[in-house]
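Below: the structure, in structure tokens.
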Amino acid sequence: MQYFSSDFTLGILGGGQLGKMLLAETRKWDIQTFVLDPSADAPCKIACHQFFQGDLMDFDTVYDFGKQVDILTFEIELVNLLALEQLESEGKKVFPSPKTLRKIQNKGVQKEQYIKHQIPTAKFLRFADIQHLAFNIQNKALALPFVWKCTEFGYDGYGVKVIRSENDLKNLPNVECIAEEMVPFKNELAVIVVRSAVGEIKTYPVVEMEFHPEANQVEYVICPARIDENVAQKAKEIALKVADVFEPVGLLAVEMFQTENDEILVNEVAPRPHNSGHYSIEASYTSQFENHLRAILGLPLGNTESKVAGIMVNLVGAEGFSGNVKYENIENILKIDGVTPHIYGKRQMRPFRKMGHVTIVNEDMARARKIAEEVKNTIRVVSE
Ligand code: ADP
């Protein structure tokens, strides 16, 4: 198929920042794109050929959108799966496939896949609702503390809560959930795997998430992770094993815990571009977005290695503000070498909403880490 400067159309479900960064690659190659998103001012709107406003969970909306494109992909997992299955059964190319998404979309189903395929993961129990869970605490079948996770519709930590007493159950939504053993981890790691429509497979280097000591929020994504080579090798091998289970076409981000005794446990996966791979735009030979595109089009994959050390700082809305967004001090960080801000184009900010990120590249990791801290302390995302 002729993709470049042709009538070929790639459809993207979801019009957020991940889609917007993917569109930077489709524009580089002059590939035509349609995007569907519920929000009238989604970040993708300025960068696609045609924008459709509609509900990603609605069967007809997703089905009708899919009918108009040649290949369909998504930048968010919360899409109508039945519509994707219907489109695929009618011969439409949907990448990653609905079969992959079906094994991932529900966290309970996803965790069961790890158990079935002997992939190391934290122990868990699955419950239909909160009553069922509470009953198991009372019967001592479930020990406190544990990590509660809703199985669907959770994102960026909103569907996750540490439960230390029965009292903590009070404000939880009454939905299907899992209770997972607390993992005493010393590091959170991630490996992005890319697998093409013709089966070529590569991994990006292991990255490390550095947390704020008090706020328990990821502050920096650091590539390569500052860990022992043997542990990094083990993390990559496990990520490839996970890819064998889900058989994605496109990207698969595998989030993992490194425990105190250097065991690797898989936390969760995302079959799409991922926050932990944003550094790759500036630091890698081929960014995660370009490789996602290459993979779903069945083209040769690009080099996933890094050219330099890369650190990513998320720009999230400051606490105590909400409304029309204002970025403070971007000019100041632009004076520093190797610093690139990405502004997502969301007009409204609220506390902790992801509004952009900054990548820092440097030959020297220690220097990159120092600059990252300076960036973090300089920029603020507030409201007008
Ligand atoms: P989300 O899909 O919202 O990103 P995650 O499953 O990644 O949810 O959980 C969010 C965060 O909660 C993780 O990054 C980690 O810091 C913490 N967490 C999740 N599961 C566990 C666990 N079993 N033990 C300890 N901490 C956990």
Side-chain angles (χ1 to χ4, degrees), residues 14 16-18 74-79 101 103-115 119-127 133 137 142-164 168 172-173 175-192 206-222 225 227 235 238-239 242 246 251-278 312-314 316 351-354 357:
Q17 67 265 21
L18 302 175
F74 49 85
E75 57 110 57
I76 179 166
E77 295 96 312
L78 303 176
V79 296
L101 187 55
K103 291 186 196 159
I104 291 175
Q105 207 180 40
N106 178 300
K107 272 191 189 177
V109 174
Q110 192 190 123
K111 290 280 288 186
E112 278 164 5
Q113 293 295 318
Y114 301 137
I115 304 298
I119 287 170
T121 193
K123 284 197 187 119
F124 74 104
L125 291 170
R126 201 173 163 186
F127 300 104
L133 185 148
I137 298 178
L142 174 60
L144 294 159
F146 59 84
V147 184
W148 168 90
K149 299 184 181 185
C150 65
T151 54
E152 289 182 352
F153 309 115
Y155 67 96
D156 284 349
Y158 290 112
V160 176
K161 193 174 174 213
V162 176
I163 304 296
R164 298 187 191 279
D168 291 339
L172 293 180
V175 291
E176 193 200 312
C177 57
I178 58 171
E180 201 175 88
E181 228 172 58
M182 292 263 287
V183 178
F185 60 83
K186 64 177 176 197
N187 258 322
E188 287 198 57
L189 308 174
V191 175
I192 293 181
V206 183
V207 302
E208 161 197 354
M209 267 71 92
E210 190 181 318
F211 277 70
H212 186 282
E214 286 122 43
N216 198 32
Q217 250 205 318
V218 179
E219 278 200 296
Y220 309 108
V221 172
I222 299 177
I227 55 172
I238 289 175
V242 172
F246 296 117
L251 300 170
L252 185 76
V254 185
E255 292 181 35
M256 293 173 269
F257 299 119
Q258 178 188 2
T259 65
E260 293 295 346
N261 43 13
D262 286 343
E263 236 187 311
I264 297 288
L265 300 178
V266 172
N267 175 23
E268 60 168 359
V269 294
R272 54 169 168 76
H274 195 253
N275 193 259
S276 66
H278 290 352
M312 194 235 18
V313 177
N314 278 319
V316 299
F352 307 113
R353 187 176 192 201
K354 284 185 184 143
H357 74 263

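Start at 1 and go down the list; that is how both ligands and their atoms are numbered.
Note: Phe185 and Phe257 have parallel aromatic rings, judged against thresholds of 30 and 60 degrees for the angle between ring planes.
With a 4.0 Å cut-off on non-hydrogen atoms, Val218 does not touch ligand 1 at all. If you look at Glu181 next to ligand 1, the close heavy atoms, those under 4.0 Å, all belong to the backbone. The proximity of Val147 to ligand 1, defined as any non-hydrogen pair under 4.0 Å, is limited to the side chain.
Between Glu255, Lys161, Lys149, Glu188, it is Lys149 that holds the heavy atom closest to atom 6 (O) of ligand 1. If you check each of Val160, Val162, Val269 against atom 12 (O) of ligand 1, the one with the closest non-hydrogen atom is Val160. Of all the listed residues (Met209, Met182, Glu180, Glu268), Glu180 holds the heavy atom that lies closest to atom 23 (N) of ligand 1.
No side-chain heavy atom of Val207 sits less than 4.5 Å from a side-chain heavy atom of Glu188. Residues Asp168 and Trp148 are not in side-chain contact: their nearest non-hydrogen atoms beyond the backbone lie 4.5 Å or more apart.
At a threshold of 4.0 Å, the pair Glu268-Lys149 does not count as salt-bridged, since none of the basic side-chain nitrogens sits closer than that to a carboxylate oxygen.
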(request) Check step by step if side chain to side chain contact (heavy atoms under 4.5 Å, CB included) holds for Lys186 and Gln258. (result) CA-CA 6 Å; Lys186 64 177 176 197; Gln258 178 188 2; 3.4 Å; yes
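When all heavy atoms are compared, the tightest approach of Thr151 to Gly108 is CG2-N, 3.7 Å.
Donor-acceptor pairing under 3.5 Å is recorded for the side chains of His274 and Glu255.
Judged by the shortest distance from any of its heavy atoms, Lys107 lies inside the 4.0 Å radius around the atoms of ligand 1.
Near Asn267, meaning under 4.0 Å from one of its heavy atoms, ligand 1 places the atoms 5 (P), 6 (O), 7 (O).
Any N or O atom pair closer than 3.5 Å counts here, and Phe185 shares no such pair with ligand 1.
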